[in-house]
Amino acid sequence: MNIVITGLASVYEPENVARLFYPQGRLLAARPTGRDDLVLARAGRRHLLAAVRENGRCAWLRRPLAPGQDPEYALTDLVYQLLVGFTGVRPPWGSMTGVRPVRIIHDSRARGLSEEAIRSRFVDRYHCTEEKYRLALSIADLQRPVMAAARPRDCSLYIGIPFCPSRCSYCSFVSRTIEREHKLVQLYVDALCREIEEMRRQIDACGLTLKTIYIGGGTPTSLSAGQLRQLMGKVRELFDLSGLEEYTVEAGRPDCTDAEKLAVLKEYGATRISINPQTFSDEVLAGIGRRHTAADIERCYAEARAAGHTNINMDLIAGLPGETVEGFTASLRRAIELNPENITVHTLTLKRASNLVIDKARDEYGDVAEMLHACSALADAGYRPYYLYRQKGTLQNLENTGWCKPGFEGLYNIYIMEEVHTILSAGAGGSTKLVQPGGDHIQRIFNYKYPADYINGFDTVMDRKKGVSEFYARYLDPETTG
């Protein structure tokens with residue numbers, strides 16, 4: 001499907017609404033000749049036009065542009081209405097294209113909007129289903145005390161380990177297999193420790209308070225036990241861990257996580273870990289490139305409990321190739337039986353950097369919406385949704401939701417998703433997100449994407465970190481923000 005949009009300075013919203021219905025649509029600068037499939041959207045001075053042609057079928061809508069009306073929003077809405085009628089598909093989040101629907105509620109409340117006005121924005125303006133609006137609302141209500149407790153000088157630290165024992169077919173993260181990049185790993189850990197030292201200097205220089213640490217990847221436990229001791233020992237040397245609200249380490253894969261490494265995580269201060277099955281089906285695990293079984297997951301989980309870990313998250317993915325509604329429901333029930341403190345349910349997202357898209361392996365993914373409906377079992381078991389985000393390319397325009405037992409909210413997840421405070425990021429692929437205290441301005445500082453580039457360009461990485469102090473010198477007045 002080709003997508004052509006004219007008459008607007010920005011085509012972002014109508015383009016992405018068209019892709020809700022045609023995910024593989026190509027944005028073209030001009031209307032193609034011939035009879036190719038096409039979504040056409042045009043904003044004139046007085047009128048808007050949306051048209052679609054697919055397999056010889058055609059439809060169009062025309063609407064006047066009211067005085068003072070935002071042409072981008074108006075054309076986006078027209079495209080949405082046309083494609084709902086033409087395809088018979090009604091996306092559950094309606095025409096909403098943003099990553100953070102819960103943030104809309106927080107921001108609307110901060111501006112003094114009534115609860116009815118907020119609901120109208122979701123249901124009437126964006127055409128969200130009542131079910132999705134209620135989900136976002138319940139999460140916003142749960143997050144409210146966390147948001148209220150935020151202070152201008154708060155920050156969190158993300159430490160990235162871009163290595164895995166093998167690459168999953170759905171993965172689009174910056175990661176390299178340990179087997180391929182083993183010569184780089186120690187060099188990478190050495191450089192990472194130096195960058196964390198610089199992060200400490202920046203935190204001190206800006207008068208920031210570190211609230212959470214998150215070591216993610218990749219797979220952090222793809223490092224050796226000695227390398228984990230080196231990294232986490234450096235973190236413990238630099239920061240007062242007793243003052244943290246939360247310290248998470250992803251111990252995601254049992255094919256590289258053993259009892260020794262789990263003990264290291266506990267010894268060096270981790271208060272929360274992730275052990276991520278994705279599915280408890282051995283057949284599906286093999287199909288996505290995982291080199292372990294469901295039994296290995298359960299072994300790893302038992303070893304984590306034996307090591308003293310009392311706050312464990314488990315991830316599941318709805319819509320994996322070869323997964324069925326029944327299979328996903330069985331995996332969900334097994335995760336609930338294991339009784340972790342958090343269960344995060346992701347919807348499979350097809351991205352250009354993943355092998356599923358690169359290989360064009362578009363299998364039958366089953367009824368993903370029905371898989372998410374099975375998550376009512378989490379509520380029945382005492383879990384409640386505490387954070388949510390959406391991504392482009394997510395199957396059936398659905399969402400990723402973190403569920404937790406009361407009192408076990410993953411604070412880092414809330415902080416980063418709702419952009420509560422600055423997230424300092426160390427490591428390859430890292431993106432430091434500087435959040436203006438008391439305002440809406442966000443600035444990013446990027447590290448090199450791949451481990452070799454990060455190591456070779458490390459002096460540049462360190463030089464870029466000066467941007468943290470420069471940002472706070474510009475936006476934080478120590479005389480008034482205290």
Side-chain angles (χ1 to χ4, degrees), residues 146 149-162 188-218 220-221 223 225-251 261-274 307-311 313 408-416 420-435 437 445 447 454 458 461-462 464-469 471-472 476 478 481-482:
V146 176
R151 296 293 177 264
R153 293 178 184 266
D154 290 348
C155 70
S156 290
L157 174 61
Y158 179 86
I159 300 169
I161 307 299
Y188 179 84
V189 173
D190 292 342
L192 185 59
C193 288
R194 289 173 56 200
E195 188 183 5
I196 296 168
E197 290 176 347
E198 178 59 26
M199 289 296 200
R200 174 58 198 259
R201 285 190 286 269
Q202 293 293 334
I203 288 171
D204 289 346
C206 299
L208 303 180
T209 300
L210 186 64
K211 307 299 283 188
T212 71
I213 297 173
Y214 193 107
I215 302 181
T221 48
L223 301 181
Q227 289 163 342
L228 283 173
R229 287 189 181 93
Q230 177 186 350
L231 174 62
M232 296 185 71
K234 176 60 67 174
V235 170
R236 188 170 68 179
E237 171 192 324
L238 293 171
F239 300 103
D240 178 9
L241 302 185
S242 67
L244 292 180
E245 294 178 334
E246 179 182 276
Y247 185 175
T248 299
V249 182
E250 292 183 356
K261 293 180 184 180
L262 289 164
V264 170
L265 303 188
K266 184 66 177 176
E267 177 187 355
Y268 284 85
T271 61
R272 181 178 181 271
I273 66 170
S274 288
H309 292 284
T310 58
N311 189 353
N313 171 74
F408 287 95
E409 294 80 10
L411 295 175
Y412 175 87
N413 292 328
I414 297 174
Y415 292 151
I416 191 170
V420 176
H421 61 223
T422 285
I423 307 291
L424 303 169
S425 185
S431 173
T432 287
K433 183 187 291 186
L434 302 167
V435 178
I445 300 173
N447 285 0
Y454 171 80
F458 190 73
V461 170
M462 295 289 273
R464 289 175 181 173
K465 288 296 179 289
K466 296 175 184 176
V468 177
S469 297
F471 178 89
Y472 277 97
L476 189 58
T481 57

With sequence neighbours excluded, residues passing side-chain hydrogen bond (donor to acceptor under 3.5 Å, both in side chains) with [X]:
X: Tyr247; result: none
X: Arg194; result: none
X: Tyr188; result: none

- Message: Applying ring-ring contact (aromatic ring centres under 6.0 Å, His included), can you list everything that pairs with Phe408, at least two apart in sequence or on another chain?
- Response: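 Testing Phe408 for ring-ring contact (aromatic ring centres under 6.0 Å, His included), a comparison that skips the adjacent residues, returns none.
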
- Query: What do the steps show when you test Leu434 against Val468 for side-chain contact (heavy atoms from CB on, under 4.5 Å), and what is the final call?
  - Reply: CA-CA 7 Å; Leu434 302 167; Val468 177; 4.2 Å; yes

Let me confirm one number: the [atom1]-[atom2] distance from [X] to [Y], rounded to the nearest 0.5 Å.
X: Leu192; Y: Phe458; atom1: CG; atom2: CZ; answer: 8.0 Å
X: Lys433; Y: His421; atom1: NZ; atom2: NE2; answer: 11.0 Å
X: Thr422; Y: Gln202; atom1: OG1; atom2: CD; answer: 11.5 Å
X: Ser425; Y: Ile159; atom1: OG; atom2: CD1; answer: 9.0 Å
X: Arg272; Y: Leu265; atom1: CZ; atom2: CG; answer: 13.5 Å
X: Leu223; Y: Ile161; atom1: CG; atom2: CD1; answer: 4.5 Å

- Residues in salt bridge (charged side-chain N to carboxylate O under 4.0 Å, His left out) contact with Lys465, at least two apart in sequence or another chain: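 By the salt bridge (charged side-chain N to carboxylate O under 4.0 Å, His left out) rule, Lys465 matches Glu195.
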
- Item | Counterpart residues, salt bridge (charged side-chain N to carboxylate O under 4.0 Å, His left out), relative to Glu246 (two or more places apart) |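 Glu246: no salt bridge (charged side-chain N to carboxylate O under 4.0 Å, His left out) contacts found.
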
- Query: Between the main-chain N or O of Cys193 and the side-chain N or O of Lys234, is there a donor-acceptor pair closer than 3.5 Å?
  - Reply: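 Not a single qualifying donor-acceptor pair exists.
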
- Go through the steps for Ile215 and Met232 under the test side-chain contact (heavy atoms from CB on, under 4.5 Å), then give the verdict. CA-CA 9 Å; Ile215 302 181; Met232 296 185 71; 4.2 Å; yes

Closest heavy-atom contact between [X] and [Y]?
X: Leu424; Y: Cys155; result: CD1-SG, 4.2 Å
X: Pro162; Y: Gly160; result: CD-O, 3.6 Å
X: Gly269; Y: Leu241; result: CA-CD1, 4.2 Å
X: Val420; Y: Ala150; result: CG1-CB, 3.4 Å
X: Pro437; Y: Tyr472; result: CG-CE2, 4.0 Å
X: Glu409; Y: Ile414; result: CB-CD1, 4.2 Å

- Message: Under a 3.5 Å cutoff, is there a donor and acceptor pairing between the side chains of Tyr214 and Glu250?
- Response: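 Tyr214 vs Glu250: donor-acceptor pair found between side chains.
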
